[in-house]
There are 2 protein chains.
Amino acid sequence: MNDTCIRVDEPLIKQMVQNLPDEQTINKISAIFQALQSDTRLKILFLLSQKEMCVCELECALDVTQSAISHSLRALRQLDLVRVEKQGRFAIYYLADDHIRTLIDLCNRHVTECST
Amino acid sequence: MNDTCIRVDEPLIKQMVQNLPDEQTINKISAIFQALQSDTRLKILFLLSQKEMCVCELECALDVTQSAISHSLRALRQLDLVRVEKQGRFAIYYLADDHIRTLIDLCNRHVTECST
DNA sequence: TTAATACATGAAAATATGTTCATATATTCA
DNA sequence: TGAATATATGAACATATTTTCATGTATTAA
């Protein structure tokens, strides 16, 4: 920690640190962003925002192995970003809720608005 | 690619794939999420959403080295999530715009609402 | 102009992540 | 029941990311 800088108002900084979300929340948030950071998982979410899909359909849409898709889906599932419904031998995946849709849209807009 | 599954309507899937944002956009979005995925960078953003800060202040607030903070800030800068204004020997950092604030808030709400 | 402060950065080491391969499980159909 | 289909998963490899270390640059103050 730096004690010498004249700009540092230590009590104020301490207060600001207290205003941070607690560690657990920070961890959960970063875990979500971590999941959204892979091209494959992002594409899966974009696709699922169009319609619910089984793994075969995702396999047809994306250019990666079935195994990679399953691993990606597990990560998304564990964060409750997508959910599964088993239908016989099929696993139908869909977005868990609309937060995630909003998140992606927002980010999409940020990129398209700012890069022009 | 899987051709046998009876659920796969290939023309439909092709259409859905066409609806995906282009590769460049996907890459930019995933880069943003990639940046938001680290605890350190997230905390920096939460702090900067309270007030603009120089590197020393961040150093005081966070329990990581100055070098690590600088590297984190560079990553955020390159994605235009934060910006710098040089004031003499100080580098004052602030959020680039409100998108990012909204993004964080949204995610925060998702976590706190869903985990109760 | 020298020393100290504030910040940045390249390279290497440590760690994490994603993908594939091999294989396992569950369901359906013949 | 046995074969085929749909999905899941552990382990290993390849790659990417993060952090630290060492050091560099720029600005200020003595």
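So you know, we letter chains A, B, ... as the sequences are listed, proteins then strands, and number each from 1.
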Stepwise, does the side-chain hydrogen bond (donor to acceptor under 3.5 Å, both in side chains) test hold for B:Asn27 with B:Ser30?
CA-CA 5 Å; B:Asn27 287 340; B:Ser30 67; 4.7 Å; no

Does the side-chain contact (heavy atoms from CB on, under 4.5 Å) test come out yes or no for B:Asp98 and B:Arg101, once each step is laid out?
CA-CA 5 Å; B:Asp98 270 351; B:Arg101 207 186 303 264; 2.9 Å; yes

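- The CD1-C1' distance, from A:Ile92 to D:dA8, rounds to 16 Å in whole Å.
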Contact letters for nucleotides 25-30 of chain D, in which S counts primed atoms plus P, OP1 and OP2 and B counts the base, heavy atoms under 4.0 Å
--SSS-

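- Remark: the backbone N or O of B:Ala75 is not paired with any side-chain donor or acceptor of B:Arg41 at under 3.5 angstrom.
- In this structure, B:Arg7 places its CZ atom 14 Å from P of C:dT28, rounding to the nearest Å.
- Between the CD atom of B:Glu85 and the C1' atom of C:dA6 there is a distance of 16 Å, rounded to whole Å.
- Applying the side-chain hydrogen bond (donor to acceptor under 3.5 Å, both in side chains) test to every pair with at least one member in residues 87-96 of chain A, sequence neighbours left out, gives these pairs: A:Arg77-A:Tyr93.
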What does nucleotides 16-22 of chain C look like as a protein-contact string, B for base, S for sugar-phosphate only, - for none, at under 4.0 angstrom between heavy atoms?
-SSSBB-

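- Interatomic distance, B:Lys51 NZ to B:Glu57 CD, rounded to the nearest 0.5 Å: 3.5 Å.
- A donor-acceptor pair under 3.5 Å links the side-chain atoms of A:Ser49 to the main chain of A:Phe46, judged by distance alone.
- Side chain of B:Arg77, nearest nucleotide from C:dA6, D:dT7, C:dT9: C:dT9.
- Summarising the geometry, atom CZ belonging to A:Arg7 is positioned 10.5 Å from atom CG belonging to A:Leu12; distances are rounded to the nearest 0.5 Å.
- Distance from the side chain of A:Arg74 is smallest for D:dT9 among the nucleotides D:dA6, C:dT9, D:dT9.
- Distance CZ (A:Phe33) to P (D:dT17): 17 Å, rounded to an integer number of Å.
- Residue B:Tyr93 places no side-chain N or O under 4.0 Å from the OP1 or OP2 atom of C:dA6.
- The distance between atom CD of B:Gln78 and atom P of D:dT18, rounded to the nearest whole Å, is 12 Å.
- For the atom pair B:Gln66 CD and B:Leu73 CG, the distance stands at 9.5 Å (nearest 0.5 Å).
- Put simply, CG on B:Leu79 is 11 Å from P on D:dT17, counting in whole angstrom units.
- As a whole-Å value, the separation of A:Ile6 CD1 from C:dA6 P is 8 Å.
- At the heavy-atom level, B:Leu58 lies nowhere under 4.0 Å from the strands shown.
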